[in-house]
Amino acid sequence: MIRRAFFARSVHEVAPDLIGVTLLVDGVGGPIVEVEAYDATDPASHAFRGRTPRNAVMFGPPGYTYVYRSYGIHWCLNLVCEPEGTAAAALIRAIEPVYGIERMQERRRTDDPRLLASGPGRLCQALAVTGDDDGLPLDRPPFELRARTRQPAIAAAPRIGITRAADYPWRYVLAGSRFLSRALPRA
DNA sequence: CAGTGGATGCTCT
DNA sequence: GAGCATCCACTGT
């Protein structure tokens, strides 16, 4: 079980520590394999220009969800990090589908395991996360986070799909996972 | 495979 | 009115 104190640290510590943590929503989910960090000094962060109605929960206490709509169609799930008042969050970009696979297949309309929850929009569709889940505590249902039991091999790379601060290596992935939203860039 | 463009809605300038 | 922390279908090799 992951406690709130886990999130009350620098997002640059929390984000890699989330790799291998099992994320469940109503029992559906699996281990996190891809995360991106967004901190308060980050021009790519929604919170960079200050508090607005959309990003308000990023300025609140850690250990809560921040869910926003992307490109008018998709939802994206973040976990709020760092002490209250410091706006930072970790974007969950991919999990390995393990629990409730049938429900993910119904919601995603595909049987291809690599298309179920690889990508932030797909992940939210597979886990039925929407704007209704914005600002919910992560230590209460429907959410459940299970600590990893072994230290995974973690790789860092530039983040995906952003134009500002595109060179910061703040994307963390489970090295060698087949369930990343995109392959790691070649070294 | 790679590359392109459309869908779609909301936030902030 | 522009710009997205995306995904999918479609094109052409």
Side-chain angles (χ1 to χ4, degrees), chain A residues 7 10-12 14-19 21 23 25 29 32-60 62 64-82 86-97 104-136 138 154-174 177-186:
Chain A
F7 295 99
S10 165
V11 69
H12 300 296
V14 177
D17 281 356
L18 283 167
I19 299 298
V21 169
L23 167 66
V25 182
I32 295 168
V33 298
E34 182 174 341
V35 171
E36 286 178 357
Y38 290 83
D39 77 20
T41 69
D42 177 2
S45 171
H46 289 173
F48 181 66
R49 294 171 194 281
R51 181 176 183 143
T52 68
R54 178 178 65 160
N55 65 25
V57 299
M58 287 186 73
F59 290 81
Y64 286 76
T65 60
Y66 166 47
V67 181
Y68 69 92
R69 201 189 267 290
S70 177
Y71 291 90
I73 303 175
H74 309 286
W75 298 102
C76 291
L77 171 65
N78 295 255
L79 312 185
V80 175
C81 299
E82 305 197 359
T86 305
L91 170 67
I92 310 302
R93 290 193 52 93
I95 64 170
E96 174 177 346
M104 295 193 228
Q105 290 172 340
E106 293 164 7
R107 292 164 175 167
R108 291 277 307 123
R109 311 252 170 145
T110 177
D111 290 345
D112 185 340
R114 299 178 62 166
L115 295 179
L116 288 180
S118 295
R122 292 166 176 166
L123 183 155
C124 282
Q125 190 179 12
L127 271 50
V129 171
T130 70
D132 290 343
D133 299 302
D134 185 38
L136 295 184
L138 291 164
I154 298 169
R159 296 174 294 180
I160 292 178
I162 56 174
T163 53
R164 298 134 69 110
D167 54 330
Y168 296 6
W170 290 352
R171 175 188 181 219
Y172 300 97
V173 307
L174 176 63
S177 171
R178 301 163 32 229
F179 298 98
L180 305 182
S181 65
R182 284 171 51 177
L184 280 180
R186 267 217 50 169

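Below, chains carry the letters A, B, ... as their sequence lines are ordered, and counting in each starts from 1.
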**Asked** Within this structure, what is the CZ-to-C1' distance between A:Arg108 and C:dC7, rounded to whole angstrom?
**Response** 8 Å
**Asked** Where do A:Gly135 and A:Tyr64 come nearest, in terms of heavy atoms and distance?
**Response** O-CD2, 3.3 Å
**Request:** To the nearest Å, give me how far apart CG (A:Leu180) and P (C:dT6) are.
**Result:** 15 Å
**Prompt:** How many Å lie between OH on A:Tyr172 and C1' on C:dA5, as a whole number?
**Reply:** 16 Å
**Option from A:Gln125, A:Arg122, A:Arg108 for which side-chain contact (heavy atoms from CB on, under 4.5 Å) with A:Leu116 holds** = A:Arg108
**Item:** Between C:dG3 (P) and A:Phe48 (CZ): distance, integer Å
**Value:** 18 Å
**Prompt:** Within this structure, what is the CZ-to-C1' distance between A:Arg54 and C:dA5, rounded to whole angstrom?
**Reply:** 9 Å
**Prompt:** If you measure from the P atom in B:dG6 to the same atom in C:dA2, how many Å do you get, rounded?
**Reply:** 16 Å
**Item:** Listed nucleotide nearest any side-chain atom of A:Pro120, set C:dT6, B:dT11, B:dG9
**Value:** C:dT6
**Plane angle bin for A:His12 and A:Trp170 - parallel if under 30°, tilted between 30 and 60°, otherwise perpendicular** = tilted
**Item:** Among C:dA5, C:dC4, B:dT13, the one nearest A:Arg49 by side-chain distance
**Value:** B:dT13
**Complete:** A:Asn78 has its side chain closest, among C:dA5, B:dT13, C:dC7, to C:dA5
**Request:** Spell out, as yes or no, whether a donor-acceptor pair under 3.5 Å connects the side chain of A:Glu36 to the backbone of A:Arg93.
**Result:** no
**Item:** 5′-ward residue of the pair A:Thr163/A:Gly121 relative to DNA chain C
**Value:** A:Thr163
**Asked** Roughly how far apart are A:Thr86 OG1 and A:Phe59 CZ, rounded to 0.5 Å?
**Response** 9.5 Å
**Prompt:** OH/A:Tyr66 to CG/A:Leu77 distance, rounded to the nearest 0.5 angstrom?
**Reply:** 11.5 Å
**Close side-chain approach of A:Leu127 and A:Ile95, heavy atoms under 4.5 Å** = yes
**Item:** Nucleotide forming a Watson-Crick or wobble pair with B:dA7, both distances under 3.5 Å
**Value:** C:dT6
**Fill in**
Sorted by number, residues from residues 38-46 of chain A placing a heavy atom under 4.0 Å from DNA chain C are A:Tyr38, A:Ala44, A:His46
**Asked** A:Leu115 has an atom CG; how far is it from atom P of C:dA9, in whole Å?
**Response** 10 Å
**Asked** Given atom CG of A:Asn55 and atom C1' of B:dC10, what is their separation to the nearest angstrom?
**Response** 14 Å
**Exercise: do A:Thr110 and A:Asp112 side chains pair donor with acceptor under 3.5 Å** = no
**Prompt:** So which heavy atom on A:Met58 is nearest to which on A:Ser45, and how close?
**Reply:** CE-OG, 3.8 Å
**Complete:** Here the gap from A:Tyr38 atom OH to A:Asn55 atom CG, rounded to the nearest 0.5 Å, amounts to 14.5 Å
Do any N or O atoms of the protein come closer than 3.5 Å to N or O atoms of nucleotides 3-8 of chain B, and which pairs are they?
residue: B:dT8; atom: O2; partner: A:Tyr71; partner atom: O; Å: 2.4

**Asked** At under 4.0 Å between heavy atoms, what does A:Ser181 touch on the DNA or RNA strands: base, sugar-phosphate, or nothing?
**Response** nothing
**Length of the CD1-C1' vector between A:Ile160 and C:dC7, whole Å** = 13 Å
**Prompt:** When all nucleic acid strands are considered with a 4.0 Å heavy-atom cut-off, which category describes A:Arg122: base, sugar-phosphate, or nothing?
**Reply:** sugar-phosphate
**Request:** Describe the nucleic acid contact of A:Arg164 in one word from base, sugar-phosphate, nothing, applying a heavy-atom distance below 4.0 Å.
**Result:** nothing
